[in-house]
Amino acid sequence: MELGSRYTPLGIEEKWYKHWEDLNYFHSIPDEREPFTIVIPPPNITGVLHMGHMLNITIQDILIRRARLQGKNACWVPGTDHASIATEAKVVRMLRDQGIKKSDISREEFLNYAFEWKEKYGGLILQQLRRLGASCDWERTAFTMDEKRSEAVIKAFVDLYHRGKLYRGKRMVNWDCEAKTVLSNEEVLYKEEQAQLFNIKYISQHDPNSSIVIATQRPETIMADAAIAIHPEDPRYRHLIGTKVIIPLINRAIPIIEDTYVDIEFGTGALKVTPAHDQNDYEIGVRHKLEIVDILNDDGTLNSNAKILVGEDRFTARKKIKSLLEEANVLVSIQDYKTSIGRSERTHSVVEPKLSLQWYVDSKQLSEPALKAVMESEIEFLPDHMKNTYRHWMENIRDWCISRQLWWGHRVPAYYYGEEIFVAETKEEAIHLAIEKIGISNFNPVLLFQDEDVLDTWFSSWLWPISVFDGFNNSKDFQYYYPSNVLVTGWDIIFLWVARMIMAGYEWKNAKPFKQVYFTGMVRDKQRRKMSKSLGNSPDALELINEYGADGVRFGMLSSSPAGGDLLFDEKLCDQGRSFCNKLWNATRLIQSWKSSSIDAKDYETLVMSWMNDRITEIYIESDKLIEQSRLSEALKLIYSFIWEDFCGFYLEALKPQESSNISQEVYLNTIGYYERICTLLHPFTPFITEEIWHQLKTRQAREDCMMSSYEQIRIVDKKLLETISEVRNITTNVRELRSKHSIKMNVELPLYVQQSNIDNVLLTKGAKSLLIKMARLSDCTEVISEVAHTQSFIGMRHKYYVLMPITIDVQAEKQRLLKDIEYAQGFVGSIEKKLSNDRFRTNAPGALIEKELRKLEDGRIRLQSLKESLNSLNADL
RNA sequence: GGGAGAUUAGCUCAGCUGGUUCAGAGCAUCUGCCUUACAAGCAGAGGGUCACUGGUUCGAACCCAGUAUCUCCCACCA
């Protein structure tokens with residue numbers, strides 16, 4: 001079948017993915033082979049494929065496909081995350097669009113809608129991963145809220161509770177007024193924002209002429225004030241201590257207290273203390289036993305405690321209170337200022353500090369082995385410096401608030417009976433515990449209630465490496481696959497997820513969850529902004545695949561993404577990937593167009609073939625080394641330029657038969673063999689096209705696929721051979737350069753002379769001469785003893801070459817060029833001589849280096865000598 | 001306030017225990033080619049005080065110190 005000159009990936013990619021999947025290649029079961037495991041960072045079920053996933057998935061797929069080719073038992077577990085806040089928000093919105101309010105339906109009804117939504121849209125992202133070529137073991141697809149994973153979550157909670165590492169406590173929390181739930185510290189993002197500072201006057205209760213001015217950014221909270229605090233060493237207000245002032249508008253009297261927390265320099269030096277709505281104020285409140293007045297409802301509106309503006313949203317209230325304060329003549333001034341404001345990671349709503357009863361994990365205890373494992377490189381971080389960030393967080397870890405006031409998620413397995421708390425995996429067990437505690441005669445089952453809250457999504461995610469293999473039941477799979485080889489994820493979730501998985505691993509299994517963490521950078525646009533849906537600066541992932549092909553996009557993602565470094569995404573890189581596929585495609589077409597017959601291979605063909613053979617081996621060795629160091633993009637670049645320059649640019653060009661002549665059967669078959677090896681080498685990076693070419697090259701048996709071929713281990717290379725061809729190519733380039741400079745077309749054949757010396761020259765290798773003649777389009781190639789007059793010369797690795805060209809030589813220009821070259825060569829030789837004559841160098845430098853320098857010196861001298869000869873002969877011509 | 005990283009060609013970045021006169025690659029630019037696999041191609045070319053200042057060394061883009069600029073993370077500033 002004739003192939004078109006352009007590679008069209010669309011149908012081909014679909015065909016091979018289906019083929020692989022039909023043959024169950026992605027599926028893994030434990031056997032006697034060495035396992036290679038990756039557990040996917042589960043994308044949110046609400047998510048659609050974006051650039052971050054593309055990068056992430058590409059890297060994981062490369063590693064897993066390579067392991068498979070290396071004969072390991074490769075297992076890549078896919079799955080999704082229930083994403084409690086994000087999903088609940090989506091479902092609430094969906095219901096609202098249908099005219100249903102969440103508050104009007106029961107928890108069960110809501111969950112039915114949510115599961116319905118999940119069934120409908122939740123699998124979408126996993127389908128999209130297939131488009132990229134992800135070779136996940138789909139039979140193992142897990143979901144953080146499926147039965148097994150839920151079981152793990154509940155077990156973990158109950159276990160931690162009974163071992164005293166989990167507790168319920170009343171603390172100041174971060175409240176998301178939009179989602180109406182508490183958030184952990186890690187889910188609050190702080191950013192500098194423009195705000196206003198209001199200076200408000202509080203008049204003394206005892207003396208209407210005396211007052212104190214405070215500064216606040218949130219004037220709507222004055223109704224919740226419990227005191228005004230000043231620094232004990234601030235002389236300005238000393239006389240007021242112990243007196244009371246009146247809160248404007250509501251006329252409630254509050255005391256003036258002293259506390260060293262107050263910064264004398266800031267604002268007026270007087271601080272309004274609002275214990276219910278500020279972390280620090282809460283602590284001051286505790287110290288001074290102040291009254292706590294909570295004026296906010298869960299949705300961020302003011303409640304009746306506020307007395308005024310009741311029912312207004314806090315931001316509306318802020319605007320309105322401004323004019324009220326003005327009217328009351330207590331608003332002294334307003335100034336603009338910048339401050340850092342915390343917003344919810346998911347809803348972006350401004351987070352309000354709020355006092356609340358929640359469940360916490362005592363993190364300090366869990367962090368110790370996890371910190372140790374990373375600092376002692378039991379778990380390897382890439383890039384290594386992420387360790388510092390990790391350590392800093394671990395050493396200052398705070399307790400983890402894990403309850404959320406939502407319905408979508410794992411319900412907290414705690415049951416309340418009056419004042420008593422019973423934590424158990426099931427209600428039956430809780431009843432059992434309750435009866436044990438309070439006696440069967442006193443127990444009334446109707447009074448036992450389960451906690452209404454659900455757990456933080458990350459409380460299921462942190463168990464993921466264990467739970468996907470049913471590790472809490474210590475399954476066979478778990479024993480075989482755990483720990484996974486590598487976790488590939490973005491550094492932005494190092495605390496939210498990575499650190500906690502490590503803690504969980506040591507807490508329950510006393511073993512690391514993964515051997516290595518490959519932190520990817522963030523995908524950014526050309527202006528270095530993080531790509532995000534809200535900014536609208538992210539290209540549509542599926543459209544990219546449609547346009548450039550999955551292989552092209554994979555190439556593009558990888559082309560510029562060292563571990564940890566951010567990646568400035570540029571579609572041009574995908575375009576380059578597509579061109580690369582096209583190049584591969586056309587090489588296939590060329591080989592397919594060859595007609596082979598039983599003629600013998602010519603000497604130069606034999607030479608070029610053995611070179612290609614060793615060169616591939618060399619690339620295997622070098623790319624291996626790079627991949628072992630996780631330098632994937634460099635490995636790809638290496639293979640890319642090898643294919644482009646060496647395989648297509650030189651090898652195929654050298655063997656390409658003239659016009660309609662036939663090619664030797666041996667050359668034909670060997671070429672196919674080399675291309676096969678290249679396909680295997682390249683397959684992890686661009687799986688689709690390599691599979692296609694693999695099958696284009698020859699008819700295959702069933703299950704004889706590139707994806708399942710094997711990555712080779714032979715590792716011997718003939719260095720001399722590689723050098724010889726390198727010299728041939730070097731000469732060819734030099735001749736071409738001369739042609740280009742003097743506008744001599746390729747169809748004009750030129751004679752080349754090689755000056756003999758005491759070193760073997762390239763022509764002594766069998767086949768090299770005819771190869772040279774073919775590649776450089778020479779009329780002949782002969783050895784000479786001395787300078788050849790009226791020629792253009794250049795110096796190769798060791799020898800001097802002359803080309804006789806049909807031109808009149810510009811003697812002056814030539815002389816200038818030579819003088820310049822001589823000057824350079826002299827400098828070169830001089831520097832080495834100087835280095836070698838330095839005693840300190842001779843004594844300090846390693847022997848091998850001195851050898852190398854000596855050889856360099858010799859080469860340099862030969863070169864200098866040749867240049868001088870050329871100059872002399874030029875002078876003789878004058 | 002604490003910490004991390006970065007600064008190399010017009011742009012994006014390599015440069016992996018200091019050791020070729022070391023300054024690289026890709027893109028972009030320029031020149032010449034439709035040479036029957038590929039114009040998504042082929043053959044060439046130009047382009048940089050390696051942020052700055054000192055130091056260590058026989059030798060520094062690389063190590064050390066300081067300076068400047070940028071990016072990011074963490075932290076309770078009303």
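By convention in this document, chain letters (A, B, ...) are assigned in the order of the sequence lines, proteins followed by strands, and residues within each chain are numbered from 1. Only a predicted model underlies this, so the values are computations on that prediction, with no experimental measurement involved.
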Undergrad: As a test of the definition: with a 90° window around 0 for syn, would you call rU49(B) syn or anti?
TA: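 That one's syn.
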
Undergrad: Partner lookup for rA75(B), please. Criteria are Watson-Crick or G-U wobble with both distances under 3.5 angstrom; report none if nothing qualifies.
TA: none

Undergrad: The side chain of Asn582(A) is closest to which nucleotide in this list: rU57(B), rC38(B), rC76(B)?
TA: rC38(B)

Undergrad: Categorize Glu634(A) for me: base, sugar-phosphate, or nothing, with a 4.0 angstrom heavy-atom threshold over every strand shown.
TA: sugar-phosphate

Undergrad: Within the pair Trp393(A) and rA75(B), is there a side-chain N or O less than 4.0 Å away from OP1 or OP2?
TA: no

Undergrad: Which listed nucleotide (rU12(B), rA78(B), rC74(B)) is nearest to the side chain of Thr339(A)?
TA: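 The answer is rA78(B).
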
Undergrad: Which residue, Phe688(A), Tyr640(A), Tyr548(A), forms the ring-ring contact (aromatic ring centres under 6.0 Å, His included) with Phe555(A)?
TA: Tyr640(A)

Undergrad: For RNA chain B, whose closest nucleotide is more 5', that of Asn838(A) or that of Phe580(A)?
TA: Phe580(A)

Undergrad: Categorize Ser340(A) for me: base, sugar-phosphate, or nothing, with a 4.0 angstrom heavy-atom threshold over every strand shown.
TA: nothing

Undergrad: Over 60° means perpendicular and under 30° means parallel, so tell me whether Phe381(A) and Phe519(A) are parallel, tilted or perpendicular.
TA: perpendicular

Undergrad: Using purine N1 to pyrimidine N3 plus N6-O4 or O6-N4 for Watson-Crick, or N1-O2 and O6-N3 for G-U wobble, both under 3.5 Å, which nucleotide pairs with rC58(B)?
TA: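 Its partner is rG19(B) (Watson-Crick or G-U wobble, both distances under 3.5 Å).
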
Undergrad: Does NZ or CZ of Arg500(A) fall inside the cone over Trp400(A)'s six-membered ring, less than 6.0 Å from its centre and within 45° of the axis?
TA: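 Judged by the rule, Arg500(A) and Trp400(A) form a cation-pi pair.
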
Undergrad: It should be established whether Arg398(A) places a side-chain nitrogen or oxygen under 4.0 Å from OP1 or OP2 of nucleotide rC74(B).
TA: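 No, no such contact exists.
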
Undergrad: Please work out if Ser831(A) contacts a base, only the sugar-phosphate, or nothing of the nucleic acid, heavy-atom cut-off 4.0 Å.
TA: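 Base contact.
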
Undergrad: Nearest to the Leu849(A) side chain among rG19(B), rA40(B), rC16(B), which nucleotide is it?
TA: rG19(B)

Undergrad: Between Ser579(A) and rG41(B), does any side-chain N or O lie under 4.0 Å from OP1 or OP2?
TA: yes

Undergrad: So does Arg391(A) get a side-chain nitrogen or oxygen closer than 4.0 Å to the phosphate oxygens (OP1/OP2) of rC74(B)?
TA: no

Undergrad: Check nucleotides 27-33 of chain B for protein N or O atoms closer than 3.5 Å to its own N or O atoms and list the pairs.
TA:
{"unit_1": "rC27(B)", "atom_1": "O2'", "unit_2": "Lys572(A)", "atom_2": "NZ", "d": "3.1"}

Undergrad: Under 4.0 Å between a side-chain N/O of Lys834(A) and OP1 or OP2 of rU20(B), yes or no?
TA: no

Undergrad: Counting only side-chain heavy atoms from C-beta out, which of rU21(B), rG19(B), rA37(B) sits nearest to Tyr824(A)?
TA: rU21(B)

Undergrad: With a 4.0 Å cut-off on N to O distance, would you call Glu193(A) and Arg343(A) a salt bridge?
TA: yes

Undergrad: Between rA40(B) and Arg578(A), is there an OP1 or OP2 to side-chain N/O distance shorter than 4.0 Å?
TA: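 No, because none of the side-chain N or O atoms of Arg578(A) sits under 4.0 Å from OP1 or OP2 of rA40(B).
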
Undergrad: Of all the nucleotides listed (rA40(B), rC73(B), rU21(B)), which has the minimum atom distance to the side chain of Trp491(A)?
TA: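 Taking heavy atoms from C-beta onward, the closest nucleotide is rC73(B).
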
Undergrad: Looking only at the side chain of Leu271(A) (C-beta and beyond, no hydrogens), which of the listed nucleotides rA78(B), rU21(B), rA4(B) gets closest?
TA: rA78(B)

Undergrad: Using the side-chain heavy atoms of Ser5(A), tell me which of these nucleotides is nearest: rA40(B), rG44(B), rC38(B).
TA: rC38(B)

Undergrad: In Watson-Crick or G-U wobble terms, both distances under 3.5 Å, what is the partner of rC33(B)?
TA: rG41(B)

Undergrad: When you check the gap from the basic side-chain N to the acidic O, do Arg578(A) and Glu571(A) get nearer than 4.0 Å?
TA: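 Here Arg578(A) does not pair with Glu571(A) in a salt bridge, since their nearest N and O are not under 4.0 Å apart.
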
Undergrad: For rA37(B), does OP1 or OP2 lie under 4.0 Å from any side-chain N or O of Lys656(A)?
TA: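 Yes, because at least one side-chain N or O of Lys656(A) sits under 4.0 Å from OP1 or OP2 of rA37(B).
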
Undergrad: Nearest to the side chain of Trp644(A), heavy atoms from C-beta on, is which of rG41(B), rA78(B), rC13(B)?
TA: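 It is rG41(B).
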
Undergrad: Considering only rA78(B), rC38(B), rU21(B), which nucleotide approaches the side chain of Ile832(A) most closely?
TA: rU21(B)

Undergrad: Look at the side chain of Glu653(A) against the base of rA37(B) and say whether a donor-acceptor pair falls under 3.5 Å; ignore hydrogens and angles.
TA: yes

Undergrad: Flag this pair as yes if the NZ/CZ of Arg863(A) is under 6.0 angstrom from the six-membered ring centre of Phe828(A) and inside a 45 degree cone about the axis; otherwise no.
TA: no

Undergrad: Where the side chain of Phe841(A) is defined as all heavy atoms beyond and including C-beta, which of rG19(B), rA78(B), rA4(B) is the nearest nucleotide?
TA: rG19(B)

Undergrad: Taking atom types as they are modelled, would you say the side chain of Arg736(A) forms a donor-acceptor pair with the base of rA43(B) within the 3.5 Å cutoff?
TA: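 There is none.
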
Undergrad: Is any side-chain N or O of Lys835(A) under 3.5 Å from a base N or O of rC58(B), one able to act as donor and the other as acceptor?
TA: no

Undergrad: My understanding is that a pair needs two contacts under 3.5 Å, Watson-Crick or G-U wobble. By that rule, which nucleotide pairs with rU69(B)?
TA: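 Check on rU69(B): paired to rA6(B), both distances under 3.5 Å.
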
